[in-house]
Amino acid sequence: MAPITGLSHLVNPLATPDQLANSSSQIDGVPGDLEDSVRFEGVKLIQAASVLLRLPQELAAEAIVIFTRFWVGSEGGSLIVNNAKDVASASLYLTAKPSAHPVSPRLLLTTFEYLDKARPLHSVTSRNSVQPEDCFLSEGSYHAARKVLIKTEAQILRTLGYQTHVALPFTLCINYLQALDAFKDQHAQALARRAFAHLNTALLSPQLLYLTYQPPALATAAIYLAAKEVEVKLPGDEWWEVFDLDREELGFLVVAMMSMAGFAEEEAVKWGKRKVPLTADEVQSEVEKRRLLDAGE
Amino acid sequence: MVSRWADDDEDAALEAQRKKEKEEKKRAKAEKQRKAEEAEKRRQQQQQQQEAAAESTNGSSERPSKRRRLSADQATTTEDDSASQPRPLLRFDAPSWGPARSVENFERLNHIEEGSYGYVSRAREIATGEIVAIKRMKMEGSEHSGFPVTALREIQTLNAARHRHIVELREVVNGEGGKVEDVYLVMEFLEHDLKTLMEDMEEPFLPSEVKTLMLQLGSAVEFLHDRWILHRDLKTSNILMNNRGEIKIADFGMARFCGNPPPSNLTQLVVTLWYRSPELLLGTTTYDSSVDMWSTGCIFGELLTKDPLLQGKNEVDQLSKIFELCGIPTEEIWPGFRKLPNARSLRLPRTTQTTGSVIRSKFPFLTTAGNALLATLLSLNPAKRPSASELLAHPYFREDPRPKSTAMFPTFPSKAGQERRRRQATPNAPIRGEGKAMGDVDFSGIFAGRENEDVGGGFQLKLI
Ligand SMILES: Nc1ncnc2c1ncn2[C@@H]1O[C@H](COP(=O)(O)OP(=O)(O)OP(=O)(O)O)[C@@H](O)[C@H]1O
Ligand SMILES: [Mg+2]
């Protein structure tokens, strides 16, 4: 395993090229686009849960990064073996635990139970069809679920080599805007809001932006894109170089961030009213179904 | 009770089987990819040859730019001027992650010391022969809430604290066969801890040596506080020393990240009794880095005499020992101390003649500057204690004798090298997650006897 080196708020551990090229799920036969869909759904689940639990967005973001790291590499978790749903809840549990906002297993599990029933989350009808009593966990199922939660948490920790450091770009983004004197502009509020929105959306990126770029690069690209959108002129021609980003990387990140809306739309169309599989069994049957369809063609 | 890990052996076998299969699949995939890449390379070569052929016919050498145009208004910055003046951009070497290894990669040599939260062995990494220290994490309560939050914080804070005077956490490993319910920290090994070392020394450290040690300690504490880490258990047994005169802070079992302003619900059950600050003893739940500075003061005193400075028998006794040494708090010295949970019923003598600090008389051989430093570190009022940076800038360190260079430090035989360190009884670190330290203590009687006495004398404390 790679040695642990000093980590700060600027530096994240990043996925290696080998980890990016070989996911455990793909080795197990899960098609790449299905893997993207499941991961996307899991991330949305974490995001929704942390809103319901009134957790700060930073915690949700950290949990999402932990969740995403878990699946990369041949030694990472596999969607054929691990329930994405369990990994999602354990990621949030693990992240909240040492923070100022820990969540009890019961509250956490009930929240995920509700959200899982209310899926697809974009559909109002499916959300409204869930009754409170449907989410009540009996003592027996609570104990079983807690056991799974604890086991999954241990597995996440082992898979990540107990490396749970996540550096986020949000504070940095504010610092950069200040450094660029952007707060003098009349559209400063809108600019900051757009930049944050891009940083949050990037958490859902199938290109694993938070696993491949450091916070300064993410913050810079989000500001670039936001400035274009709200038409704020930033000083200098190549101001991003001040933040150690080159034009090529900036270009890549901007394109990746802009493509998110399209990706989300495609996903919604692709799955419609169907639930994206979030357990190992569901993923397995989806893989088999696709195999049969392919063979039939 | 049926173990919640009952199915683990089976799991482990399955896991091993899966891993093997996965390796094979990965190899197959890599081979496929290699072939695809080769094909792509051949294709590119062909294309290049074709282009070269085309170029030589039409004379143009323009190739599509690799860079993406970001937008129309960027077009004004020409490719050339950015290319002609490449600016140096900062690049980090990003760390990565991989699954925790198993403790089987290490050969255990001997136990070092049994602590309250784990135990520590000297070990050798089989592959490299390197000597390391391995600390087993206590996993209490994990059946209810999973991986202990304290263990999580210990790992996270240690990871964030790479410093010359902080023990290096190399990796975290699991039990035999990857058993996740056994977790060990693998650290660099140091020959001594300050407590055991001083117990074996005939004489205390020399003043020049104390200075060096305090500077090293101060620099580590400064580093931690700069990164919003509170150690919360600084004491001589948690300070390790190698044979090169270097000390390193260890045992982050109580440490946590803590912002500014600090959270308002911190447990006061931190810091081993003898090093615990008066505000903690009085039950505060908002505190900051000044609790570590108090402990640093206690360590300073201990280095000078080699005896722990304030050896209370319990919380109440500890507090009275503190007041005996540092004087009685007043509203003037420490505004608002009366409002602390355990101070409400505190009755203090009305006269102030005999209630000042006696630190000076306890350290007759310490210079005036040294005394001043010790006294500010041991300020009853937390706000009056210096920060670690202020400590490092104190005149004490610039006056003679100068800090001794670490190269000149004597080497001591290591106890950890051969046998288990034997240590005289010291209070254990507090047990975490328990209730209040001093819920049912009546303080009203503390100074009752003192008012009738003329001078000096111990305080009497009553526990109800
Ligand atoms: N890296 C190391 N090298 C050598 N000895 C070590 C190392 N780490 C710890 N020790 C020894 O083991 C003892 C206990 O370690 P540590 O304080 O980390 O554990 P603990 O169980 O949290 O202790 P406690 O609760 O008693 O404070 C130390 O006092 C020291 O003697
Ligand atoms: Mg200790």
Side-chain angles (χ1 to χ4, degrees), chain A residues 1-8 10-16 19 21-22 24 26-28 69 73-75 78 81 90 93-94 97-98 100 102 104-105 146-147 149-151 153-155 157-165 214 224 228 237-238 241 244-248 250-252 254-255, chain B residues 4-5 18-19 21-23 25-26 29-30 33 66-71 74 76-77 82 87 89-101 142-147 149-150 152-153 155-156 158-163 169-174 178 180-181 183 227 256-257 259 263 265:
Chain A
M1 136 180 165
I4 305 166
T5 50
L7 297 165
S8 75
L10 291 177
V11 188
N12 261 325
L14 296 183
T16 63
Q19 279 173 324
N22 297 288
S24 197
Q26 288 190 28
I27 294 171
D28 283 346
R69 284 180 194 164
S74 62
E75 295 180 301
S78 163
V81 180
Y93 180 63
L94 171 64
K97 189 184 277 188
S104 74
R146 190 180 67 181
K147 212 164 129 177
L149 176 71
I150 288 170
K151 201 168 171 174
E153 178 194 50
Q155 208 192 338
L157 283 168
R158 196 181 92 80
T159 305
L160 301 183
Y162 294 82
Q163 167 72 272
T164 53
H165 173 82
Q214 294 293 3
Y224 179 89
K228 283 269 156 301
D237 282 337
E238 310 226 317
E241 290 199 346
D244 297 303
L245 191 62
D246 69 31
R247 177 190 285 257
E248 200 167 328
L250 175 65
F252 174 82
V254 165
V255 170
Chain B
R4 73 193 163 94
W5 304 108
R18 267 182 31 78
K19 202 170 163 184
E21 285 171 13
K22 191 148 278 184
E23 278 303 312
K25 285 193 214 162
K26 185 181 164 184
K29 192 181 158 205
Q33 193 168 341
K66 216 175 98 199
R67 287 192 173 123
R68 257 167 285 246
R69 274 271 144 75
L70 293 167
S71 66
Q74 288 301 316
T76 48
T77 23
S82 64
R87 268 156 278 200
L89 303 182
L90 192 65
R91 286 290 172 268
F92 300 109
D93 263 341
S96 83
W97 67 86
R101 300 197 296 164
S142 60
E143 62 280 8
H144 295 292
S145 39
F147 196 67
V149 63
T150 46
L152 205 53
R153 289 197 180 123
I155 295 169
Q156 290 177 340
L158 262 177
N159 267 338
R162 294 288 132 127
H163 185 266
L169 173 63
R170 300 200 163 178
E171 65 178 289
V172 182
V173 296
N174 283 125
V180 286
E181 56 275 34
V183 179
R227 278 155 190 75
R256 66 166 292 163
F257 289 99
N265 54 349

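Only heavy atoms go into these numbers, but all of them, side chains included; no hydrogens, no water, no symmetry mates. Order of the sequence lines sets the chain letters (A, B, ...), proteins ahead of strands, with each chain counted from 1.
Here the closest heavy-atom approach between residue B/Asn174 and residue A/Tyr162 is recorded as ND2-OH, 2.7 Å. When all heavy atoms are compared, the tightest approach of A/Lys97 to B/Val149 is O-CG2, 3.7 Å.
B/Ser145 meets the side-chain hydrogen bond (donor to acceptor under 3.5 Å, both in side chains) test with no other residue; sequence neighbours excluded. Legend: residues meeting side-chain hydrogen bond (donor to acceptor under 3.5 Å, both in side chains) with A/Gln26, ordered by chain and number and at least two apart, are A/Glu35.
No other option in A/Pro105, A/Gly73, A/Ala15 has as many heavy-atom pairs under 4.5 Å with chain B as A/Ala15. The greatest number of non-hydrogen atom pairs below 4.5 Å with chain B, out of A/Leu149, A/Thr164, A/Val81, is found for A/Val81.
Atom CZ of A/Arg158 is separated from atom CD of B/Glu181 by 11.5 Å, given to the nearest 0.5 angstrom. Between the CG atom in A/Asn12 and the OG atom in B/Ser96 there is a gap of 12.0 Å [rounded to 0.5 Å].
With a 4.5 angstrom heavy-atom cutoff, A/Arg146 touches chain B only via side-chain atoms. With a 4.5 Å cut-off on non-hydrogen atoms, B/His163 does not touch chain A at all. Neither the backbone nor the side chain of B/Val173 has a heavy atom closer than 4.5 Å to any heavy atom of chain A. Proximity to chain B involves both the backbone and the side chain of A/Leu14, based on heavy atoms less than 4.5 angstrom apart. Both the backbone and the side chain of A/Ser24 have a heavy atom closer than 4.5 Å to some heavy atom of chain B. Interface remark: A/Thr159 contributes backbone atoms only to the contact with chain B (heavy atom separation under 4.5 Å).
Screening A/Gln19, A/His165, A/Glu75 for a side chain to side chain contact (heavy atoms under 4.5 Å, CB included) involving B/Trp97 leaves a single residue, A/Gln19.
Looking at A/Glu153, its side chain does come within 3.5 Å of a backbone N or O of B/Phe147 through a donor-acceptor pair. Under the 3.5 Å distance criterion, the side-chain polar atoms of B/Glu171 are left unmatched by any main-chain donor or acceptor of A/Gly161.
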